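One structure is given below, encoded as C-alpha cells.
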Amino acid sequence: MNLISRLDSIVFLIYFVVVAGYGLWVYRRKNFGRHGANTSASHDYFLAEGSLTWWAIGASLIASNISAEQFIGMSGSGFRIGMAIAVYELMAAATLVIVAVFFMPVYLKNHIYTMPQFLEQRYGKAVATTMALFWLGLYVVVNLTSILYLGALAIGSVTGIGVLPCMLFLAVFAAIITLGGMKVIGYTDVIQVTCLVIGGLVTTWLALDLVAKLGNGHGALQGFSTLYDTTRDHFEMVLGRDNKNYMDLPGLSTLIGGMWIVNLNYWGCNQYITQRALGADLPTARKGLLFAAFLKLLMPMIVVMPGIAAFALDRAGVLGDAMRVGGELNPDRAYPTLLALLPSGLKGIAFAALTAAVVASLAGKANSIATIFTLDIYQKRFHPDVGEKKMVWIGRMTVIVSMLLAVVIAPLMGIDKKGGFQYIQEYTGFVSPGILAMFLLGFFWKKTTSSAAMFATIGGLVFSIILKFLPAMMDLSFLAPIGFAHDNGAGVYEIPFLDRMFIVFWLVVAGMVLLSTVFARGKVKALIVDTKLFKVDGAFALGSAVICVVLATIYGMWW
C-alpha cells in the first residue's frame, strides 16, 4: 500500500487553493446577498443573516455533519456491524423533514438565533446559562476533539505524517475558514460537500471494484453483487436479538425508539446544526433542510459501504495485516486502509474528500462555540453594551482558543481506543434525552416551568448514569422478555444504549409534567406557537413524500 504520491499531492493542493481562494473571495465581497448590507456586523459574522441560499444551507448542514466520525467511525461500524448502522443516516433524512416543519417555524417566529437564547426566552437566565456552559464544554471536549483527532489519525495513516502535525494542519485550515464567519463557512461548504460526495463515491466505486475481482469480475455493480452474496449478514437493516451487535442497534428501537431521541436532539436542538438555517427566512430554511435530507440518503453509500467492502476484502486476505494494530483487529482502520489501496490521483480526490469533511465540521463546530460564548455568555453576562466590532473580535479569539484546547486535549481522550463513532454517541447520549424533553415541552406545552427545565438538565444525566451502571448493582434479566435488557455475551444483562435513551426520555418527561403541574410557581413565559406556522407548500410536501417512500422501500426490501 503506497502513501500519497506527487500526483495526489497536486490534486490535494488544487482542492486547498480552490477552497481557500473561494473563501477569501466571499469574505472580501461587499454587500453580498439581499440583506447583507443591512445586518449588524455580529449577526453577519455569526449567522450570515439573509445571505445564504437554500442550497448553501443544505450543503453546509451536511458538510458540518459528515466528518471523521462518519468516514472513519461509521465505516468501522459498517465493517463490524454492516448496513444496519446506516439507520443513523437514513433516519436523519426523516428527522430533517420534521425539524423543517415543526422546529424551524418556532425558532424563526420567536426570533431565536442561539439555543441558549431560546432557553432564556422560555425558561429564564439560570437554565440558559447552565446549558450554555454545558454546550461549550461538550462541543470542545467531546465534539471538536474527536473530529480533530480522528481526522488526524486518518490523514496520518494515509500520508505517513504524525498525528500532531496533522491536527495542527486541520486546526489551522479550519480556523482560517471560521475567522471569515458563517457566510464564508456556508459557501465554502458547497465546495466541501462537492468534494465529499464525489471523492466518497469514487472511493466506494473502487472498493466495490476490488471486491468484484474476488469473484473474477469487474466493475462496481458486479462488486456489489459479489459483496451481497458473500456478506449477506452485513445487509440486515434491523438486527435480531441473536445478533452479536444487538446492544448497539437493538432491533425495532432503531426505528421507533431511541433513534428518534438521537436524531431530534442532534438536528433540532443543536446550535452546531440549526445555526445554518436560523439566519434565513422560513421558505429558504425549509428548502435547505429538505436538500440536506436528500443528501443524507446518499451517505450510506459513501460512509458505510466502504466498511462492508473492507470486511469482504479482509476476510479474503487481500488486506493482510493492515486492519490490525498490535495483532488485534481495529475496524476503524477500514476507511484509511481502502484509501491507501486507491491508485495515484484518485487517492488525492478521496483524500481531499476526507479532509473536506473534517475541516468543514471543525469550522462549523468552532463557529457555534464562538456564537454561544460571544452572544450568550460574554455579551449577556459580562458586557451587555459591547460594540459590534468587539463582538466579532471576541468570536474570532474564541475560535482560536477552542482550536488550541482541542489540539491539547484530543490526544488525552483515548478516542481511538473507544471507537470514534461510539465515543461520540456514548457521551452525547447521556444528555440528549433531557435536552430534547426540555425543548419539546418548551415548544408545545405552555405550562412547562423553569424548574422542570432544570430538572431535565440534571435529571436526564442522573437517570442515564443510573441506568448505565445498574447492571453492576442488580440482575436485569427480568427486563429481557419485554426487550429492554439483553445478554452482553458475558452473562450480564444490560440495557442497550438506544433503549436507555428512550427510557430516560420518558422518565424526564414524566418528571417535568409533575413539577410543572404540582409544584408550578411564578409566571410562565410561553413562546409564540400557532398551528398556521406548520403549513408547508406543495413542493416541500412532495419532496418529503419522496423521502418517506425511499426510506420505506429501503427497509421493506432489506428487513
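Position 1 is the first residue of the sequence; numbering continues from there. Because the structure is predicted, anything quoted here is derived from the model rather than measured.
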Between [X] (side chain only) and [Y] (backbone N and O only), is there a donor and an acceptor less than 3.5 Å apart?
X	Y	value
D8	S5	yes
R333	A322	yes
W135	I372	no
T204	M301	yes
S75	I72	no
S361	I66	yes
T398	A370	no
S368	G364	yes
D209	A220	no

Using side-chain heavy atoms (C-beta onward) and a distance below 4.5 Å, is [X] in contact with [Y]?
X	Y	result
M305	L227	yes
C269	L264	no
L206	L210	no
F294	I62	no
L313	L338	yes

Ring center gap for Y113 and F118 short of 6.0 angstrom: no
When rounded to the nearest 0.5 angstrom, what distance separates [atom1] in [X] from [atom2] in [Y]?
X	Y	atom1	atom2	answer
L150	D332	CG	CG	7.0 Å
I394	I377	CD1	CD1	13.0 Å
D499	M259	CG	CE	11.0 Å
L249	M237	CG	CE	9.5 Å
I161	I155	CD1	CD1	8.5 Å
N265	L436	CG	CG	6.0 Å

Heavy-atom pair of closest approach, residues A174 and L362: CB-CB, 3.6 Å
With Y335, the ring-ring contact (aromatic ring centres under 6.0 Å, His included) member among F79, F351, F71: F71
Residues forming a ring pair (Phe, Tyr, Trp, His ring centres under 6.0 Å) with [X], sequence neighbours excluded:
X	result
W393	none
F463	none
Y266	none

Side-chain H-bond candidate by donor/acceptor type, R381 with T129, under 3.5 Å: yes
Any donor-acceptor N or O pair under 3.5 Å, side chains D376, T114: yes
Parallel, tilted or perpendicular: ring planes of H234 versus F311, cut at 30 and 60 degrees: parallel
Parallel, tilted or perpendicular, as decided by the 30° and 60° cut-offs, for the rings of F169 and F12: tilted
Salt bridge present between R324 and D314 (N-O < 4.0 angstrom): yes
R396: which of V399, I400, V392 passes side chain to side chain contact (heavy atoms under 4.5 Å, CB included): V392
Heavy-atom neighbours of D233 CG exceed 12 at 6.0 Å: yes
